[in-house]
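Numbering of ligands and ligand atoms starts at 1, following listing order. Keep in mind it's a predicted model, so treat the numbers as computed, not measured.
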Amino acid sequence: MSSSVHDAVDHELPPPVLREVSDGIHAYIQPDGSWWINNTGLLVGSRGAVSIDSCATQRRTRAYLAAIASVTDQPVRTLVNTHHHGDHTHGNWLFGGATVVAHERTRTEVIAAGKPNFPGIWTPVDWGEIQLEPPFLTYADAVTLWVDELRCEVRHVGMPAHTTNDSIVWIPQRSLLFAGDLLFNGGTPFLLMGSIAGAIRACEEVLKPLGARTIVPGHGEVAGPGLIDEVLGYLRFVADTARGGHQAGLTPLQTARETDLGRYAGWLDPERIVGNLHRAYAELDGRELGAPIDIVAAITDMVAFNGGRPLSCYA
Ligand SMILES: [Zn+2]
């Protein structure tokens, strides 16, 4: 059940697409948005380009750079990281000395995470060469970036959500939001390293009030504002499921096994329910939002939920 969507195909994913979502602003969409296959953003100015995030592997980042070169001969001078996860940061070093900008905690977490080493957790990935390039221009709350006369607001969401260090890029004149991994479209949201309660608040108090007409999620297709409610529905489902399992004295894995994912069963990487329940349990136990918890135990449970098989990764 858990990975039928993937196993049904021979892993030949459609190629990534660089799509202009507003004048001079592109979303680089990498199908199918499952584990380690992220989206990025490209803003083209007259004297340089801005990229929002890099990619997980050397091959994918090189393909992205080639796509950039197909629409501009300007170099990427500024690279914004929406959060520390490797699918958004591994390729930073391939941007030829661009200024890498992020929340200060993104820098800390990129350094702490180091290079990828996940024996037995995901199916093998050809990462290529990775040199850590942590953000080196950091902010505590927000920074405003200008692409010619276009104002781009880079803001930390102010609370743990997908991780402890999530930023969005909001372009008010275009009503366009790059949401990072606060939002997934067609994939299961993943809160293990952030917070369930925080992610709900971030959606309600930060994302919704923006009134974005166009949203580029961290994974999956470009969407309209309805995507926020889609994700909120899942987050509340996780919170409710956790409350029931916690009260019944079940472990997160036991709770996940007893849970009918219903409409969420068809979303990619459904085993994330287990990691999400681990995080929700920590919050029910009174842990601070975003507090460190046993990530290895949670991921080991995700593999167990997946029938003991490594999680499908096609990065
Ligand atoms: Zn992420």
Chemist: Could you tell me whether Glu283 and Arg287 have a side-chain N and a carboxylate O separated by less than 4.0 Å?
Modeler: no
Chemist: Is the ring centre of His83 less than 6.0 Å from the ring centre of His156?
Modeler: no
Chemist: Salt bridge between Glu230 and Arg263, side-chain N to carboxylate O under 4.0 Å?
Modeler: yes
Chemist: State whether a side-chain donor-acceptor pair under 3.5 Å links Arg60 with Gln30.
Modeler: yes
Chemist: Less than 4.0 angstrom from a charged side-chain N to a carboxylate O is my criterion; do Arg236 and Glu204 meet it?
Modeler: yes
Chemist: Between Tyr281 and His246, how do the two ring planes meet: parallel, tilted or perpendicular, split at 30° and 60°?
Modeler: perpendicular
Chemist: Could you enumerate the protein N, O or S atoms under 2.8 Å from the Zn ion (ligand 1), written like residue then atom name?
Modeler: His83 NE2, His85 ND1, His162 NE2, Asp181 OD2
